[in-house]
Structures are given as C-alpha cells and as structure tokens.
Amino acid sequence: MRALGDNSVVSQALLAGNVDAAYLSYTYAKIVQNKGFRVRADLDKLPIAFQGTGIIARRSTIASSAGTVESVIKALLDGVAFIRNPENRPQVVKSLAKGLRLRRIEDVEESYQSVIGIYEKKIYPSVDGVRNVIRLLDTGNEKIRRLKAQDLVDDSVVKKMEREGRF
C-alpha cells in the first residue's frame with residue numbers, strides 16, 4: 001500500500017503501470033476503465049454499509065455553535081440541490097472539469113452522471129457505516145476497539161432540518 005496523492009495522480013500511476021491496483025473515485029475509475037482496466041468492486045453496489053463524506057465535530061462544538069453547524073449543513077444541502085438541478089448542469093460540468101483537472105469532455109460528462117447518482121438530497125450519517133470503519137480500524141488499537149458507532153453519530157441537526165422540510 002502506498003499513499004501517492006489525489007485521484008488524478010493515483011490514476012496516472014495505475015495507467016503507467018507504477019501500481020497494480022487503486023481505490024479511485026467514480027470519475028477516475030471510469031477513465032481507467034475506458035482504457036481497459038476492470039473495476040473490481042463498486043462500493044455503491046456492494047451490500048456493505050459505509051460512511052461517505054461526513055462532518056466531524058466535538059459534541060461540545062455542536063452544542064456551543066449550533067447555528068454554525070446548521071448553517072454548514074444547510075449549505076451542503078443547498079450544494080447538493082444545486083448539483084442535482086438539471087438547469088445548473090453547465091456550471092456543475094465546468095466546475096467538475098476544473099476541480100478534477102479533466103480535459104476530455106467525455107470524462108467530464110461521465111463525471112457529471114456519477115455525481116448526480118452519488119449525491120442524495122437526504123444526508124444522514126450511517127451508524128452501520130461508522131461501525132464498519134471501527135471494525136476495520138480496531139485490529140491494532142484498543143481505544144478504537146472500545147468505540148461504539150451509535151455514540152459517535154449525531155443526526156439530530158439533519159433530523160431537525162427534515163422536520164422543517166429542507167428535504
């Protein structure tokens with residue numbers, strides 16, 4: 001296992017034969033797949049709970065800065081809504097091309113389709129996903145082994161926003 005850099009660097013290493021396998025985002029997985037590589041596993045299609053992107057904060061921070069936490073989550077929801085809105089496709093495609101350093105329009109289009117499928121309006125943390133992360137990391141660390149996923153996940157702000165009709 002090697003840490004090589006971001007997905008653009010890792011995919012270049014794979015294509016150049018410098019590494020034998022890699023974990024890649026959907027965009028770069030599709031690029032290398034189009035060059036003859038096989039996707040061995042797609043996390044979204046496997047029956048394995050996982051926690052994707054999340055916000056991590058101390059409970060004391062959530063309590064003392066509730067307004068800020070809500071604003072951040074609202075901004076994330078607004079971003080997801082923007083990405084999923086077909087009227088915003090040109091801006092999203094342009095942003096993907098720049099942010100992911102994609103030159104070929106085909107790669108950008110495939111990336112856009114992946115992003116639309118990945119980002120959901122409901123952004124709940126996954127207790128089962130966090131439990132799986134703990135299980136994977138606990139092999140050598142007693143502190144991690146003692147953690148309980150249900151004690152780490154706080155979905156109160158997201159539930160509040162759902163009650164308010166944000167999604």
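These figures come from a predicted structure and were not determined experimentally.
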Can you tell me if D128 uses its side chain to pair, donor with acceptor, with the backbone of A49 under 3.5 Å?
-> no
Which pair of heavy atoms, one from M161 and one from E70, lies closest together, and at what distance?
-> CE-O, 3.2 Å
NZ of K30 to OG of S25: how many Å apart, nearest 0.5 Å?
-> 13.0 Å
Please walk me through it: do R40 and R38 pass side chain to side chain contact (heavy atoms under 4.5 Å, CB included)?
-> CA-CA 6 Å; R40 303 301 296 165; R38 291 184 294 165; 3.5 Å; yes
Step by step, would you call Q150 with R131 a side chain to side chain contact (heavy atoms under 4.5 Å, CB included)?
-> CA-CA 8 Å; Q150 61 273 14; R131 189 174 293 119; 3.5 Å; yes
From I31 atom CD1 to L14 atom CG, the distance as rounded to the nearest 0.5 Å = 11.5 Å
Between L100 and V39, is there a shared hydrophobic cluster once you connect ILVMFWY residues whose side-chain heavy atoms come closer than 4.5 Å?
-> no
With sequence neighbours excluded, residues passing side-chain hydrogen bond (donor to acceptor under 3.5 Å, both in side chains) with D155 = none
In terms of side-chain heavy atoms, does N34 have a donor or acceptor partner in E110 at a distance below 3.5 Å?
-> yes
Y23, OH: over 12 other non-hydrogen atoms inside 6.0 angstrom | no
Got a salt bridge between K159 and E162, using NZ or NE/NH1/NH2 to carboxylate O under 4.0 Å?
-> no
Nonpolar side-chain network containing L137, other nodes, edges under 4.5 Å = V127, V130, V133, I134, I144, L147, L152, V153
If you round to the nearest 0.5 Å, how far is CG of D107 from CZ of R104?
-> 4.5 Å
Y28 and L102: CA distance, side-chain angles, deciding distance, side chain to side chain contact (heavy atoms under 4.5 Å, CB included) verdict = CA-CA 10 Å; Y28 289 99; L102 300 173; 4.1 Å; yes
K45 bridged to D42 by N-O distance under 4.0 Å | yes
Smallest heavy-atom separation, V32 atom then S11 atom, equals CG1-CB, 4.0 Å
Taking only residues two or more places apart in sequence or in another chain, which ones pass side-chain hydrogen bond (donor to acceptor under 3.5 Å, both in side chains) with S111?
-> T27
Is there a donor-acceptor contact under 3.5 Å from the side chain of R84 to the main chain of I116?
-> yes
Side chain S71, main chain G67, donor-acceptor under 3.5 Å | yes
Can you tell me if N88 uses its side chain to pair, donor with acceptor, with the backbone of I83 under 3.5 Å?
-> no
May I ask you to decide whether R59 forms a salt bridge with D154, counting only side-chain N to carboxylate O separations under 4.0 Å?
-> yes
Does Q51 reach the main-chain N or O of S126 with its side chain, forming a donor-acceptor pair under 3.5 Å?
-> yes
State the CD-CG distance between Q12 and N7, to the nearest 0.5 angstrom.
-> 11.0 Å
Answer yes or no: are there more than 12 heavy-atom neighbours, outside L136 itself, under 6.0 Å from its atom CG?
-> yes
Just wondering, are more than 12 heavy atoms of other shown residues or ligands nearer than 6.0 Å to CG in D20?
-> no
Distance (rounded to the nearest 0.5 Å) between R145 CZ and R135 CZ = 13.5 Å
Are V157 and I55 in one and the same hydrophobic cluster, where Ile, Leu, Val, Met, Phe, Trp and Tyr link if side-chain heavy atoms are under 4.5 Å apart?
-> yes
So, D6 versus S8: side-chain donor-acceptor pair below 3.5 Å or not?
-> yes
Any side-chain heavy-atom pair of F37 and L24 under 4.5 Å | no
Just wondering, more than 12 heavy atoms not from E87 lying within 6.0 Å of its CD?
-> no
Smallest heavy-atom separation, A97 atom then V108 atom, equals CB-CG2, 3.7 Å
At their closest point, which heavy atom of G5 faces which heavy atom of V10, and how far apart are they?
-> O-CG2, 3.6 Å
Taking the side chain as every heavy atom from C-beta outward, state whether V92 and F82 have any pair of such atoms under 4.5 Å apart.
-> yes
